[in-house]
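This report refers to the structure that appears directly beneath it.
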Amino acid sequence: MMRNFDSDCIFCKIAQGEIPSEIVYQDEKVTAFKDLSPKAPVHVLIIPNGHYSDLNDCGEEDAEWMGQVLLTAARIAREQGIGESGYRVIVNAGPDAGQTVFHLHYHLLGGKPMAFTV
Ligand code: 5GP
Ligand code: ZN
């Protein structure tokens with residue numbers, strides 16, 4: 001069971017359609033929209049529609065929709081034409097990772113060679 005939204009959260013508002021964004025995919029569990037300041041030719045954010053502040057906020061009960069998020073990332077990558085050229089899915093959690101928005105989001109990045117390898 002996914003959580004409800006938080007009316008003070010910017011990404012909850014995007015999922016609810018209260019703040020405009022360029023949505024590329026949406027269903028009852030997840031929303032995918034273009035990043036406002038893209039770091040790559042393709043930069044899409046994929047979020048759960050319910051409010052989770054970060055990965056630390058998720059538990060076993062969330063495993064199913066979390067898996068769907070990754071499948072959604074792969075499908076959007078194909079749709080955006082980067083399925084074969086390559087892409088990266090990144091989740092920032094906490095200060096050392098530079099997380100700035102505290103609604104869990106998965107960055108889908110591609111369309112150019114990545115600046116660094118992990
Ligand atoms: P973080 O650093 O927390 O992992 O990433 C937050 C991301 O959200 C950044 O890449 C930033 O550009 C993006 N972002 C922040 N506010 C908005 C917004 O209002 N709309 C959209 N589309 N992206 C946003
Ligand atoms: Zn939220």
Side-chain angles (χ1 to χ4, degrees):
M1 182 74 163
M2 178 167 289
R3 282 202 205 139
N4 212 332
F5 59 89
D6 174 345
S7 53
D8 291 330
C9 167
I10 187 167
F11 282 4
C12 281
K13 287 181 178 168
I14 285 175
Q16 296 293 309
E18 290 172 17
I19 289 180
S21 71
E22 210 174 319
I23 290 178
V24 298
Y25 176 78
Q26 187 165 46
D27 64 26
E28 68 281 357
K29 299 239 172 72
V30 306
T31 299
F33 55 98
K34 294 198 174 169
D35 196 289
L36 202 56
S37 52
K39 314 298 187 302
V42 175
H43 189 172
V44 172
L45 300 174
I46 303 158
I47 65 169
N49 293 337
H51 185 81
Y52 297 78
S53 55
D54 59 25
L55 276 181
N56 296 329
D57 202 15
C58 299
E60 286 296 328
E61 66 278 14
D62 299 308
E64 189 176 338
W65 65 255
M66 292 176 83
Q68 286 173 14
V69 166
L70 287 176
L71 294 171
T72 299
R75 199 185 56 252
I76 292 171
R78 285 194 295 275
E79 288 168 3
Q80 299 278 327
I82 56 169
E84 296 298 321
S85 54
Y87 57 93
R88 200 169 268 174
V89 179
I90 295 176
V91 184
N92 292 322
D96 281 356
Q99 184 180 6
T100 59
V101 176
F102 293 89
H103 179 128
L104 175 63
H105 51 280
Y106 296 64
H107 296 261
L108 168 64
L109 294 154
K112 68 167 187 184
M114 296 294 151
F116 67 95
T117 54
V118 279

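Quick note: numbers below take in every heavy atom, side chains included, and nothing from hydrogens, waters or symmetry partners. We count ligands from 1, going down the list as the structure has it; atoms in each ligand are counted the same way. Values in this document were obtained by computation on a predicted structure and should not be read as measured data.
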Seminar exercise, completed: For S37, the atoms of ligand 1 under 4.0 Å from one of its heavy atoms are 12 (O)

Exercise. Can you hop from I47 to V69 via hydrophobic side chains spaced under 4.5 Å?
Worked result: no

Problem set entry | Flag, side chain of D35 to backbone of L45, donor-acceptor distance under 3.5 Å | no

Pairs of donor and acceptor atoms involving the side chains of residues 90-104, under 3.5 Å and at least two apart or interchain, shall be tabulated with distances.
unit_1, atom_1, unit_2, atom_2, d
Q99, OE1, G94, N, 2.9
Q99, NE2, S53, O, 3.0
Q99, NE2, V101, O, 3.1
H103, ND1, H51, ND1, 3.4
H103, NE2, P48, O, 2.8
H103, NE2, G50, O, 3.3

Exercise. Do any nitrogen or oxygen atoms of Q99 come within less than 3.5 Å of a nitrogen or oxygen of ligand 1?
Worked result: no

For this session: Mark the output for I14 as yes if a heavy-atom distance to ligand 1 is under 4.0 Å, and as no if none is.
Result: yes

Exercise. Is there a donor-acceptor pair under 3.5 Å between the side chain of K39 and the backbone N or O of S37?
Worked result: yes

Problem set entry | Selection residues 63-85 - residue pairs positive for side-chain hydrogen bond (donor to acceptor under 3.5 Å, both in side chains), sequence neighbours left out | D62-W65

Exercise. Are any of the N or O atoms of T100 closer than 3.5 Å to those of ligand 1?
Worked result: yes

Seminar exercise, completed: Under 4.0 Å between heavy atoms, the region of Y106 that gets near ligand 1 turns out to be neither

Problem set entry | Interatomic spacing from CG in L36 to NE2 in H43 - rounded to 0.5 Å | 10.5 Å

Exercise. Quick one: does F11 get a heavy atom under 4.0 Å from ligand 1?
Worked result: yes

For this session: State plainly whether one hydrophobic cluster holds both L108 and L55, where clusters connect Ile, Leu, Val, Met, Phe, Trp and Tyr through side-chain heavy atoms under 4.5 angstrom apart.
Result: yes

Exercise. How far is atom 1 (P) of ligand 1 from its nearest protein heavy atom, and which residue and atom is that?
Worked result: H105 NE2, 3.1 Å

Seminar exercise, completed: ligand 1 to F33, heavy atom cutoff 4.0 Å, flagged ligand atoms 21 (C), 22 (N)

Exercise. Is it true that a side-chain atom of Y52 and a backbone atom of R3 form a donor plus acceptor pair closer than 3.5 Å?
Worked result: yes

Exercise. Under a 4.5 Å side-chain heavy-atom rule over Ile, Leu, Val, Met, Phe, Trp and Tyr, are M2 and F5 clustered together?
Worked result: no

Exercise. At a 4.0 Å cut-off, with the gap strictly under it, does some heavy atom of S21 reach an atom of ligand 1?
Worked result: no

Seminar exercise, completed: Among I10, V91, L45, closest by heavy atom to atom 19 (O) of ligand 1 is I10

Problem set entry | Protein contact to atom 22 (N) of ligand 1 [nearest heavy atom, distance to 0.1 Å] | K34 O, 2.9 Å

Exercise. Judging by distance only, is a nitrogen or oxygen of V101 under 3.5 angstrom from one on ligand 1?
Worked result: yes

For this session: Specify the protein heavy atom at minimum distance from atom 24 (C) of ligand 1: its residue, its atom name, and the distance to 0.1 Å.
Result: L36 CB, 3.8 Å

Problem set entry | Atoms in ligand 1 flagged as close to K39, the criterion being non-hydrogen separation under 4.0 Å | 10 (O), 12 (O)

Exercise. About how many Å separate CD1 of I46 and CG of L70, when rounded to the nearest 0.5 Å?
Worked result: 8.0 Å

Problem set entry | Atom pair OG1 (T31) and CD (Q16), whose distance is rounded to the nearest 0.5 Å | 8.5 Å

Exercise. Do I19 and F33 belong to the same hydrophobic cluster, where Ile, Leu, Val, Met, Phe, Trp and Tyr are linked whenever their side-chain heavy atoms lie under 4.5 Å apart, directly or via other members?
Worked result: yes

Exercise. Should V44 and Y87 be counted in the same cluster of Ile, Leu, Val, Met, Phe, Trp and Tyr side chains packed under 4.5 Å apart?
Worked result: yes

Seminar exercise, completed: Shell check on the Zn ion (ligand 2): protein N, O or S atoms less than 2.8 Å away are C9 SG, C12 SG, H51 ND1, H103 ND1

Exercise. Is there a heavy atom in H107 that sits closer than 4.0 Å to ligand 1?
Worked result: yes

Exercise. Are any of the N/O atoms in G98 less than 3.5 Å from those in ligand 1?
Worked result: yes

Problem set entry | Min N/O separation N92 to ligand 1 under 3.5 Å | yes

For this session: Check salt bridge (Lys or Arg N to Asp or Glu O under 4.0 Å) between K34 and all other residues, then give those that pass, not counting sequence neighbours.
Result: E22

Exercise. Backbone N or O of M1 within a donor-acceptor pair of the E61 side chain at under 3.5 Å?
Worked result: no

Exercise. How close does the nearest protein non-hydrogen atom get to atom 12 (O) of ligand 1, and which residue and atom is it?
Worked result: D35 OD1, 2.5 Å

